[in-house]
Amino acid sequence: MEYKCSVILTKAMILFVLVNCVHSAAAAGSPRPVTAASQNPNSPCVACGSCPKGKMSPYDRRGCTNCNTHKPVLCCDGVINDYFQNDQFENLFSNRDSLEAHAKGFWDYHSFIAASAHYQPYGFGTTYINSTFFGTKEVAAFLAHVGTRTSCGNKVASKEPLEWGLCYNKETNSNSNTYCDEHDKNIYPCAPGVAYYGRGALPIYWNYNYGEASKDLKVDLLNHPEYIEQNATLSFQVAIWRWMTPIMEHQPSAHDVFTGYWKPTKNDSLAKRVSGFGATINVLYGDLVCGQGDNEFMNNIISHYLYYLDLMGVGREEAGPHEVLSCAEQVAFHPTRSSSP
């Protein structure tokens with residue numbers, strides 16, 4: 001009798017272990033759904049960009065975010081690869097490794113995810129405001145700018161020019177200008193023989209931008225800007241830094257204007273600046289593109305955004321009305337400082 005009981009108990013334990021292993025394997029193989037902590041009253045809000053000991057985040061010049069004091073409630077939850085998978089990245093950039101691509105073999109999904117990891121706690125691709133999730137649309141918006149700036153779609157024979165993002169990782173006519181600004185040489189001195197032409201997924205130009213990126217990312221890009229065109233993760237990281245960081249103090253970042261954390265003042269309203277995708281174009285390019293009515297460069301960025309929303313399963317109908325998508329009538333946040341963005 002004791003032997004039978006022992007056998008029964010042993011079989012029961014084996015069955016219990018097998019069932020738990022199956023459940024664990026299933027959980028590991030399926031992406032975790034993104035849920036807002038703020039939707040559960042028993043869960044604490046994960047404050048985007050919260051800073052220990054009151055230190056300011058380099059990606060939030062307003063100071064530290066506190067969900068108990070800031071309105072609207074700004075929370076972060078989940079990670080980008082919860083909802084954005086490798087096959088979606090491949091669909092968005094389906095021609096990046098073609099024979100025509102100048103950066104063939106350089107860009108990949110894992111480099112983007114690795115670069116994103118540092119910025120997710122600050123809300124990149126993980127932001128909820130008042131329980132509304134902006135992550136998927138923000139990744140589509142960010143990559144729309146990336147796809148536009150790195151595309152060779154207008155130079156190749158293709159029925160679909162929007163499929164040619166991530167064709168480049170640097171400016172092709174790079175020997176034409178050193179982009180060394182004399183006004184910033186005391187703060188960010190130009191290295192001998194170095195040119196600060198456009199590099200990266202969202203190309204940065206000029207010694208002062210390389211210097212600012214060096215300071216925030218703890219990489220010596222001022223003396224070694226070539227690192228950006230040699231490392232895909234760093235190339236994406238610099239691009240996300242540009243997206244998350246205000247170009248000038250007392251002005252919003254592209255992330256802030258897209259998620260709606262930035263709220264227009266009366267002066268902004270008079271300047272026809274509103275939160276949304278069009279404002280990201282304004283932040284990144286100012287009056288080089290915005291306030292000039294409909295133009296080809298602006299419409300190309302918008303076309304990429306709508307196309308990416310469709311491919312990511314959001315749908316272009318979620319993009320908002322034309323005045324939100326466009327910056328055609330918006331006054332620039334900042335005046336033009338150079339001839340290149």
Side-chain angles (χ1 to χ4, degrees), residues 28 30-40 43-52 55-67 70 72-89 92-93 107-146 200-202 213 216-219 231-246 252-262 277 280 283-284 308-309 312-314:
S30 303
R32 181 174 62 86
V34 181
T35 57
S38 60
Q39 291 179 330
N40 183 352
S43 299
C45 176
V46 183
C48 298
S50 58
C51 313
K55 292 182 179 179
M56 183 180 294
S57 159
Y59 312 108
D60 184 354
R61 295 182 182 178
R62 294 177 309 273
C64 300
T65 301
N66 185 320
C67 282
H70 273 245
V73 175
L74 184 69
C75 298
C76 304
D77 190 32
V79 291
I80 289 173
N81 52 319
D82 279 339
Y83 61 83
F84 183 61
Q85 308 296 324
N86 184 63
D87 59 340
Q88 292 172 295
F89 183 88
L92 265 58
F93 305 108
W107 305 101
D108 65 277
Y109 169 77
H110 298 291
S111 295
F112 171 66
I113 293 301
S116 302
H118 182 72
Y119 300 89
Q120 288 169 165
Y122 298 98
F124 178 69
T126 62
T127 294
Y128 286 86
I129 294 182
N130 294 336
S131 301
T132 298
F133 184 57
F134 287 87
T136 313
K137 290 171 64 176
E138 182 180 13
V139 169
F142 168 78
L143 292 177
H145 283 279
V146 168
L202 267 183
D216 283 353
L217 300 179
K218 306 297 188 292
V219 180
N231 185 299
T233 298
L234 180 61
S235 187
F236 275 124
Q237 192 175 29
V238 170
I240 303 172
W241 166 81
R242 176 76 292 160
W243 179 265
M244 298 293 291
T245 309
S253 66
H255 166 77
D256 286 340
V257 299
F258 184 80
T259 59
Y261 185 74
W262 168 78
F277 185 73
T280 68
V283 167
L284 294 175
Y308 289 2
L309 285 177
M312 291 177 68
V314 177

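Worth saying up front: this structure is predicted, and the values here are computed from it rather than measured. The basis for the numbers below is simple: all heavy atoms, side chains too, and nothing from hydrogens, waters or symmetry mates.
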To check you understand the geometry: which heavy-atom pair defines the closest contact between [X] and [Y], and what is its length?
{"X": "Phe84", "Y": "Tyr109", "value": "O-OH, 2.7 Å"}
{"X": "Asp108", "Y": "Ser111", "value": "OD1-OG, 2.7 Å"}
{"X": "Val257", "Y": "Thr280", "value": "CG2-N, 3.7 Å"}
{"X": "Ala201", "Y": "Ala239", "value": "CB-CB, 3.7 Å"}
{"X": "Ser253", "Y": "Met244", "value": "CB-O, 3.3 Å"}
{"X": "Phe236", "Y": "Ala115", "value": "CB-CB, 3.6 Å"}

Does [X] reach the side chain of [Y], with side-chain heavy atoms less than 4.5 Å apart?
{"X": "Ile80", "Y": "Phe112", "value": "yes"}
{"X": "Tyr261", "Y": "Thr127", "value": "no"}
{"X": "Trp107", "Y": "Ser235", "value": "yes"}
{"X": "Leu92", "Y": "Met312", "value": "yes"}

State the [atom1]-[atom2] distance between [X] and [Y], to the nearest 0.5 angstrom.
{"X": "Leu217", "Y": "Thr245", "atom1": "CG", "atom2": "OG1", "value": "8.0 Å"}
{"X": "Asp216", "Y": "Gln237", "atom1": "CG", "atom2": "CD", "value": "10.5 Å"}
{"X": "His110", "Y": "Phe89", "atom1": "NE2", "atom2": "CZ", "value": "9.5 Å"}

His145 and Phe277: side chain to side chain contact (heavy atoms under 4.5 Å, CB included), yes or no, with the steps?
CA-CA 10 Å; His145 283 279; Phe277 185 73; 3.9 Å; yes
For the side chain of [X] and the backbone of [Y], is there at least one donor-acceptor N/O pair under 3.5 Å apart?
{"X": "Tyr83", "Y": "Gly135", "answer": "yes"}
{"X": "Thr259", "Y": "His255", "answer": "yes"}
{"X": "Thr126", "Y": "Gln120", "answer": "yes"}

Name the orientation class of the two ring planes belonging to [X] and [Y] (parallel below 30°, tilted from 30 to 60°, perpendicular beyond 60°).
{"X": "Tyr128", "Y": "Phe133", "value": "tilted"}
{"X": "Tyr308", "Y": "Phe93", "value": "perpendicular"}
{"X": "Trp243", "Y": "Phe258", "value": "tilted"}

